[in-house]
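Proteins get letters first, then strands, A, B, ... in listed order; numbering begins at 1 in each. Quick note: numbers below take in every heavy atom, side chains included, and nothing from hydrogens, waters or symmetry partners.
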There are 2 protein chains.
Amino acid sequence: MIAKINLKEQGLTETTPRLAVLKAMEANTAQHMSADDVYRYLLERDRPLPMSTVYRVLAQFEQAGIVERHSFDAERTKQVYELKDSEHHDHMICIKCRSVHEFLDPQIESRQIEIVENLGFSLTDHSLNLYGICAGCDRKDAQSEEAIKQ
Amino acid sequence: MIAKINLKEQGLTETTPRLAVLKAMEANTAQHMSADDVYRYLLERDRPLPMSTVYRVLAQFEQAGIVERHSFDAERTKQVYELKDSEHHDHMICIKCRSVHEFLDPQIESRQIEIVENLGFSLTDHSLNLYGICAGCDRKDAQSEEAIKQ
DNA sequence: ATACGAATGCGAATCAGTCGCAATACCATT
DNA sequence: AATGGTATTGCGACTGATTCGCATTCGTAT
């Protein structure tokens, strides 16, 4: 659960566009949203905002620590955003259905710190993305192979 | 050391542009090369190739498994390529000087597989990027702080 | 040498994201 | 509630990275 976010507390004045983008993000916590997703959500469910404003507001939110930006797709380099909950986590991305599963593994987390320290490097951030095929798509694959055999 | 690559063995006919790009990559194994780096290298040291061809050839190489494509920069989304040696490895990127250090940690590798298996997911690929400040830049930072104090 | 398909060169197009600037909205103050 | 000054927005034009379409050229098997 993500605590209700108050823009003023994050040092941002409350403007209509910012509230709209925040609402869009809060309404879609289940998925990672691209700027375009936010744009289309607002167009359909709310009041249209120009793309440039969507980008700007998302950048402001990122700076303020309200959202986190990721770039999952190994090929296409579209960026997506998610509301930042207190817990850091890594991502597992299904290359078939593009679904994203979040996880956190303490063992990996602590090992990363060890590696980095051994090299005199100071860690500010990291991203671990696992790409593969999720259980759901795997099942579907098996089914369609069945179908072909018949 | 990377084994000498033979284009024909990888299913690619030997053309002048492909050989040129391969040479450029082989001459710069120490760094990760962007399409633009390859373009400029050829312009200066060899014979110019149009950007579109550089991109095309790099894409062909990627498909053939000759190079690997990464996107390190968390913000800017420029892609870089490196010749694929047999060993997979992860990357540690200095956010100051942009230098990239490669590493491989068996503990993390095996833990990833465990995590994925527990979730019925089949792993095809992964990327682990650690961002921080390298020993060299850390030293420089400390020095300039000294300088300011004086 | 010839012919066929594959690969290239060229520029135009696309795609995601950013920028400059005039117009407007916030909000503290009267 | 009106006012003023700053922060934010809307608009369109722009950029940088990458891709595409298509006529031309090259590589290779005959």
What is the distance, rounded to the nearest whole Å, between atom [atom1] of [X] and atom [atom2] of [N]?
X: Q79(B); N: dT19(D); atom1: CD; atom2: C1'; result: 12 Å
X: L58(B); N: dT8(C); atom1: CG; atom2: P; result: 12 Å
X: L7(B); N: dT8(C); atom1: CG; atom2: P; result: 10 Å
X: Q63(A); N: dT8(D); atom1: CD; atom2: P; result: 11 Å
X: E62(A); N: dG17(C); atom1: CD; atom2: P; result: 11 Å

Distance test, side-chain N/O of Q60(A) to OP1/OP2 of dT9(D), below 4.0 Å = yes

Contact under 4.0 Å: Y55(B) side-chain N or O vs dT18(D) OP1/OP2 | yes

[X]: which residues meet the side chain to side chain contact (heavy atoms under 4.5 Å, CB included) condition with it, sequence neighbours left out?
X: T53(B); result: P17(B), L49(B), P50(B), R56(B), V57(B)
X: E68(B); result: H70(B), E82(B), K84(B)
X: Q63(B); result: none
X: T124(B); result: I95(A), Y131(A)

By ring-ring contact (aromatic ring centres under 6.0 Å, His included), which residues pair with H101(A), not counting sequence neighbours?
-> none

Does anything in residues 11-19 of chain A reach DNA chain D, meaning a heavy atom under 4.0 Å, and if so which residues?
-> T13(A), T15(A), P17(A), R18(A)

Base dG9(C) paired with R56(B) side chain (donor-acceptor, <3.5 Å) | yes

Proximal nucleotide (of dT8(C), dC27(C), dA16(C)) relative to the K78(A) side chain = dA16(C)

Taking only heavy atoms on the protein side, list every residue of residues 34-54 of chain A lying under 4.0 Å from any atom of DNA chain C, sorted numerically.
-> S52(A)

Do any side-chain atoms of residues 107-116 of chain A form donor-acceptor pairs under 3.5 angstrom with protein atoms, and if so which ones, sequence neighbours left out?
| unit_1 | atom_1 | unit_2 | atom_2 | d |
| --- | --- | --- | --- | --- |
| Q107(A) | OE1 | R111(B) | NE | 3.3 |
| E109(A) | OE2 | H88(A) | NE2 | 3.3 |
| S110(A) | OG | P106(A) | O | 3.2 |
| S110(A) | OG | Q107(A) | O | 3.2 |
| R111(A) | NE | D105(B) | OD1 | 3.0 |
| R111(A) | NE | D105(B) | OD2 | 3.1 |
| R111(A) | NE | Q107(B) | OE1 | 3.2 |
| R111(A) | NH1 | E114(A) | OE1 | 2.6 |
| R111(A) | NH2 | D105(B) | OD1 | 2.7 |
| Q112(A) | OE1 | H126(A) | ND1 | 3.2 |
| Q112(A) | OE1 | H126(A) | NE2 | 3.3 |

With sequence neighbours excluded, what pairs up with Q10(B) under the side-chain hydrogen bond (donor to acceptor under 3.5 Å, both in side chains) test?
-> none

Main-chain N/O of E62(B) paired with R69(B) side-chain donor or acceptor, under 3.5 Å | no

Heavy-atom check, side chain of F121(B) versus side chain of M92(A), under 4.5 Å | yes

